[in-house]
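For reference, the structure discussed in these notes is given below.
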Amino acid sequence: MDIYNLTTVTQFILIGLSDLPEVRYPLFVVFAIIYQVTLVGNGAILLAIGTEKKLHSPMYYFLVNLSLLDIFCPSATVPKMLENLLTEQQSISFFGCALQLFFLVALVGTEVFLLAVMAYDRYVAICFPLRYMLIMTKVQCVQLTAGTWAAGFLNSLLHTVSTFRLSFCKSNRVNQYYCDIPPVMALSCSSTYVAEMLVLVVGGILGISAFLITFISYIYIISTILKIQSVEGKHKAFSTCASHLLVVCLFYGTAIFTYIRPSSSQHSPARDRLTSMLYGVITPMLNPMIYSLKNMEVKEALKRLLCHRACLQQL
């Protein structure tokens, strides 16, 4: 049902895959499995790092925060999407939509900043190995992490307030699975100029800055690794940042594919929405797999954790 004229919008309709009803239940099963794998995989990373004292170092402290984000981020959208796939009720309250948008933007923003901090951590570890523990102290790690979370949530608060201060008196149908800034802003019947400028200027400055920190850090890292004479030394240095580099490529690669790829008449709106949902669901599921497969210390910690649980079950 659409709401027009001067009627105030009190709820929104999340369109989801309503125009592809034949795949509703298969999609529910697929996304439910992906969500469960995401929770189990990131939970295992948290448990392995928490129980392995050898992993109580700055790199793994940041990895703990990444795993938490990979749990929280899909949890902001997937449960509601699964409910909508099962039922005919596609609605979400005005407050619920604002809350979902706030947490989604906050968590994604925090992850962008955290990836930059993790890149800086690897830069210090590889380019200044003898000074690493002096630079990346426990206090410094806490400050960097707190800064990423604070920046992500303050940035999201700014955009959420500017978006939901708009007047909504036209359609209440959100062209997405979840409440995001562009589809919600498109429903406004008042000027969106200020809100759009905030997204472009503030979001652009913060996002580009985080990307440049990540990019420049890896230029220095690769340059330093290439200067190492021995093959074994190069392999050892690269192995310390390979997992993070893959995660960075996956994050920015899926983001670019989702938001910057050219539109095509061959792609229906439903398939475009499916692509954007894969960006928010697949990446958090793959991150713990990357770290468990590429990082030997995490792999060994997970093996010991599984062996310990197996031994307890036999007793």
Side-chain angles (χ1 to χ4, degrees), residues 12-50 63-93 96-97 99-112 114-115 149 152 156 174-180 183 243 246-247 250-255 257-259 270-293 298 302 305-306 309:
F12 293 98
I13 306 298
L14 300 174
I15 295 179
L17 284 175
S18 57
D19 49 351
L20 290 175
E22 66 276 7
V23 297
R24 179 187 300 270
Y25 295 115
L27 276 179
F28 173 84
V29 174
V30 170
F31 281 116
I33 292 173
I34 290 173
Y35 184 51
Q36 290 297 319
V37 171
T38 301
L39 296 181
V40 172
N42 285 287
I45 294 288
L46 292 174
L47 198 56
I49 295 175
L63 179 56
V64 164
N65 283 269
L66 181 64
S67 292
L68 287 173
L69 286 169
D70 285 339
I71 290 174
F72 295 153
C73 194
S75 296
T77 57
V78 174
K80 182 63 179 176
M81 184 194 67
L82 293 177
E83 177 190 341
N84 290 346
L85 285 172
L86 270 186
T87 66
E88 297 297 327
Q89 296 294 326
Q90 307 290 321
S91 63
I92 184 172
S93 68
C97 184
L99 205 60
Q100 187 182 66
L101 184 146
F102 169 73
F103 280 109
L104 179 65
V105 174
L107 294 166
V108 172
T110 301
E111 184 160 350
V112 170
L114 182 63
L115 289 175
W149 286 85
S156 179
V174 178
N175 188 30
Q176 190 50 278
Y177 299 102
Y178 49 88
C179 291
D180 199 4
S243 299
L246 282 174
V247 168
L250 180 65
F251 181 87
Y252 283 107
T254 52
F257 176 77
T258 301
Y259 295 109
R271 288 185 175 83
D272 289 336
R273 293 194 296 270
L274 178 59
T275 302
S276 67
M277 197 61 208
L278 290 174
Y279 158 71
V281 175
I282 296 296
T283 302
M285 180 189 71
L286 292 180
N287 285 349
M289 296 182 183
I290 291 173
Y291 273 97
S292 62
L293 292 175
V298 173
L302 287 171
L305 182 64
L306 292 173
R309 291 193 62 182

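Computed from a prediction, not measured in an experiment: that's the story for all the values here.
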Atom pair CG/CZ of Leu286 and Phe251 - distance to nearest 0.5 Å
13.5 Å
Please, which pairs that meet salt bridge (Lys or Arg N to Asp or Glu O under 4.0 Å) have at least one residue in residues 29-47, sequence neighbours excluded?
none
Would you mind reporting whether Ile45 and Val298 have side-chain heavy atoms less than 4.5 Å apart?
yes
Show me the pairs that pass salt bridge (Lys or Arg N to Asp or Glu O under 4.0 Å) and involve residues 71-80, at least two apart or across chains.
Lys80-Glu83
Who passes side chain to side chain contact (heavy atoms under 4.5 Å, CB included) against Phe102, sequence neighbours left out?
Phe153, Ser156, Leu157, Thr160
Going by the side-chain hydrogen bond (donor to acceptor under 3.5 Å, both in side chains) test, which pairs reach into residues 35-47, not counting sequence neighbours?
Tyr35-Ser75
Please list every donor-acceptor pair under 3.5 Å in which a side-chain atom of residues 64-73 meets a protein atom from a residue at least two apart or in another chain.
residue, atom, partner, partner atom, Å
Asn65, OD1, Trp149, NE1, 3.0
Asn65, ND2, Tyr61, O, 2.9
Ser67, OG, Leu63, O, 3.3
Asp70, OD2, Asn287, ND2, 2.9

Just to verify, what does Tyr291 make a ring pair (Phe, Tyr, Trp, His ring centres under 6.0 Å) with, not counting sequence neighbours?
none
Expected output: side-chain Gln90 to main-chain Ile13 donor-acceptor under 3.5 Å:
no
Find the distance between CZ (Phe12) and CG (Leu101) and round it off to the nearest 0.5 Å.
10.0 Å
For Val37, check side chain to side chain contact (heavy atoms under 4.5 Å, CB included) against everything at least two apart and list the hits.
Ile33, Met285, Met289
Could you give me the CA-CA distance, side-chain angles and deciding distance for Cys179 and Leu14, then say whether side chain to side chain contact (heavy atoms under 4.5 Å, CB included) is met?
CA-CA 8 Å; Cys179 291; Leu14 300 174; 4.0 Å; yes
Just how far is it from atom OH of Tyr177 to atom CE of Met81, taken to the nearest 0.5 Å?
7.0 Å
Go through the steps for Tyr25 and Val30 under the test side chain to side chain contact (heavy atoms under 4.5 Å, CB included), then give the verdict.
CA-CA 9 Å; Tyr25 295 115; Val30 170; over 6 Å; no
Please report the closest heavy-atom contact between Leu27 and Leu85, naming both atoms and the distance.
C-CD1, 4.0 Å
Exam field: side chain Gln176 to backbone Pro183, donor-acceptor pair closer than 3.5 Å:
no
